[in-house]
Amino acid sequence: MFRFKDKRKNIGVCICFLLISMVSNSQNKIENLSDSSKNFNIENCVNQFNFKDTIRTKVGYQYWFANKDFLDGRTLKMSVVAPHKSTHAPHKHIEDEFFFVLEGTAQFYLDGKTQIAGAYTSFYCPSNVMHGISNVGDTELKYLVIKKYEK
């Protein structure tokens, strides 16, 4: 029998895999790419986290599972933020984006309002709306960012 916490974790893991597969599955549709000369194979379509490939930031690090050059601007990035820090102040941009919290306690900011939430929580930021995410907890905040950059 599953406890509530276990069910929540399993649902969160399923959502995480679903989000990742959205990026991965789209890689099979090469005919929709502007650069159809790309050769997708198991070696370049599987990206396992490796700490040596992280990029340091002022408040932690980030890891690109898929950068904007991989597939027509679609990206998948993991950001890790130290306790009581933010990667940057609230901002807005043309691209919309999704955040998915893996670990820690996040404070989401959207259009003048905030909400605090923990792991297995998603946060959607519409295009051209002020938004931000901060670590308000005492442990690292780890979250995925799914975004498509305009070309």
So, do [X] and [Y] sit near enough that their side-chain heavy atoms are less than 4.5 Å apart?
X: Thr75; Y: Val145; result: no
X: Ile55; Y: Trp64; result: yes
X: Ile94; Y: Asn128; result: yes
X: Val129; Y: Lys92; result: no
X: Phe100; Y: Tyr120; result: yes

Next on the checklist: To the closest 0.5 Å, what do you measure between SG (Cys125) and CD1 (Ile146)?
Outcome noted: 11.5 Å
Next on the checklist: Which residue is it: Thr105, Val80, Val136, Ile133? I am looking for the one with a side chain to side chain contact (heavy atoms under 4.5 Å, CB included) to Leu141.
Outcome noted: Ile133
Checklist entry - Does the pair Val101 and Phe123 meet the rule for a side-chain contact (heavy atoms from CB on, under 4.5 Å), with working shown? => result CA-CA 8 Å; Val101 177; Phe123 173 44; over 6 Å; no
Checklist entry - Do side-chain atoms of Asn44 reach the backbone of Phe70 as a donor and acceptor pair under 3.5 angstrom? => result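 No: the side chain of Asn44 does not pair with the backbone of Phe70.
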Item to check | Side-chain donor/acceptor of His131 to backbone N/O of His91, under 3.5 Å | outcome: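 Yes; at least one donor-acceptor contact below 3.5 Å.
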Next on the checklist: Please find the pair of heavy atoms, one from Pro90 and one from Met130, that lie closest to each other, and give the distance.
Outcome noted: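 Scanning both residues completely, I find the closest heavy atoms to be O-CE, 3.4 Å.
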Item to check | Nearest heavy-atom neighbours spanning Gly137 and Pro83 | outcome: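 Scanning both residues, the minimum pair turns out to be O-CB, 3.3 Å.
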Next on the checklist: Using the side chain to side chain donor-acceptor pair (under 3.5 Å) criterion, which residues pair with Glu95? Sequence neighbours excluded.
Outcome noted: His93
Checklist entry - Who pairs with Asp69 by side chain to side chain donor-acceptor pair (under 3.5 Å), at least two apart in sequence or on another chain? => result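 In terms of side chain to side chain donor-acceptor pair (under 3.5 Å), with neighbours along the sequence ignored, Asp69 is linked to no residue.
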Checklist entry - Taking 4.0 angstrom as the limit, do Arg74 and Asp72 come out as a salt bridge? => result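 Looking at Asp72 together with Arg74, the answer is yes, because their closest N to O distance falls below 4.0 Å.
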Checklist entry - Who passes ring-ring contact (aromatic ring centres under 6.0 Å, His included) against Tyr149, sequence neighbours left out? => result none
Item to check | With sequence neighbours excluded, residues passing ring-ring contact (aromatic ring centres under 6.0 Å, His included) with Tyr63 | outcome: Phe49, Phe65
Checklist entry - What pairs meet the side chain to side chain donor-acceptor pair (under 3.5 Å) rule with one or both residues in residues 134-147, with sequence neighbours excluded? => result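 Counting only pairs at least two positions apart or across chains, the side chain to side chain donor-acceptor pair (under 3.5 Å) contacts touching residues 134-147 are His84-Asp138, Ser86-Ser134.
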Checklist entry - Going by the salt bridge (charged side-chain N to carboxylate O under 4.0 Å, His left out) test, which pairs reach into residues 39-63, not counting sequence neighbours? => result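 Residue pairs passing salt bridge (charged side-chain N to carboxylate O under 4.0 Å, His left out), neighbours aside: none found.
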Next on the checklist: Tell me whether Lys77 at atom NZ has more than 12 heavy atoms from other residues, nucleotides or ligands lying less than 6.0 Å away.
Outcome noted: yes
